[in-house]
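Structure first, commentary second.
All values derive from a computational prediction rather than experimental measurement. Order of appearance sets the numbers: ligands from 1, and atoms from 1 within every ligand.
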Amino acid sequence: MILESFKLDGKVAIVTGANTGLGQGMCVALAEAGAKVAGVARRDCSETAKLVEAAGGEFFEVIADLSSTEPIERIVESVVAHYGRVDILVNNAGVIKREDADKYTIEDWDTVVNVNQKVVFFLSQAVAKRMIEAKHGGKIINIASMLSYQGGIRVPAYTASKSAIIGLTRALANEWAKYGINVNGIAPGYMATNNTAQLRDDEKRNDEILGRIPAGRWGTPDDMKGAVVFLASDAASYVNGFTLAVDGGWLSR
Ligand code: NAD
């Protein structure tokens with residue numbers, strides 16, 4: 001039966017940036033579908049743990065700063081030590097720094113590109129190595145953005161890194177499909193989280209953005225649930241290297 005193939009019972013999922021926003025919503029979604037969840041975050045994930053447990057799931061917290069590749073081995077080792085395996089990786093942690101391009105600093109560039117791009121590649125590599133060794137395949141889901149397709153304003157490093165994510169998703173999908181690893185992306189539209197608090201606080205920008213979204217509303221973490229469960233499940237086993245927009249129609253305008 002088709003709905004059986006969406007179930008994630010017995011699977012172990014790592015979600016980065018699990019303490020808040022879209023990452024928190026995706027942890028709950030994966031748990032509701034049956035997966036055990038390991039949440040990686042710089043900060044305490046107790047709110048996410050409570051939501052996952054209320055959904056009948058299990059949550060394991062890994063505190064790590066993803067601004068460098070340093071914690072990657074420890075993250076993967078601790079999840080495998082705790083749950084015995086890893087089947088799903090959601091590269092969700094991301095950071096945005098807004099500044100005019102002519103004033104953008106090297107520090108801000110490195111901060112954004114390290115979290116959004118470099119660590120996404122090396123964490124994917126570390127997880128894929130486990131999946132290849134264990135010969136059970138897996139699913140890697142990268143969180144892209146509308147700025148994977150558009151230039152944006154005052155966010156050059158964010159746009160560069162999120163545009164890279166779409167290319168990286170394709171490149172890794174090509175290399176790892178032969179191991180039964182599906183690498184895909186989700187491109188959220190304008191979602192009401194910390195990431196967009198500055199935009200929503202600015203009445204003019206808020207109205208401009210809302211006026212351009214065909215669905216007529218900001219997205220929410222709940223809007224990510226169907227897409228992440230689909231791409232994490234056997235239902236998506238012949239979907240490789242594609243980034244699915246969850247954007248209320250923004251890209252169709
Ligand atoms: P958010 O700011 O609420 O969440 C970002 C998450 O990344 C947080 O958990 C944060 O702790 C984590 N993070 C950032 N730097 C980190 C670091 N150095 N180490 C560990 N964790 C770190 O925003 P969100 O909207 O939930 O963002 C989640 C993802 O979705 C990001 O990749 C973001 O770029 C992307 N996204 C968001 C929107 C939106 O409209 N909100 C749109 C497109 C893409």
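In this structure, Phe230 places its CZ atom where more than 12 heavy-atom neighbours from other residues, nucleotides or ligands lie under 6.0 Å away. The local environment of CG in Leu251 is crowded, with over 12 non-hydrogen atoms from other residues, nucleotides or ligands closer than 6.0 Å. Within a 6.0 Å radius of CD in Gln150, other residues, nucleotides and ligands contribute more than 12 heavy atoms.
If you take NZ on Lys204 and CD1 on Ile209, they are separated by 10.5 Å, rounding to the nearest 0.5 Å.
Under a 4.0 Å N-O distance rule, the pair Glu4/Lys7 qualifies as a salt bridge.
The residues lining ligand 1, counting any heavy atom closer than 4.0 Å, are Gly17, Asn19, Thr20, Gly21, Leu22, Arg42, Ala64, Asp65, Leu66, Ser67, Asn92, Ala93, Gly94, Val115, Ile143, Ala144, Ser145, Tyr158, Lys162, Pro188, Gly189, Tyr190, Met191, Thr193, Asn194, Asn195, Thr196.
Asp65 places a side-chain N or O within 3.5 Å of a backbone atom of Ser67 that can act as its donor or acceptor partner.
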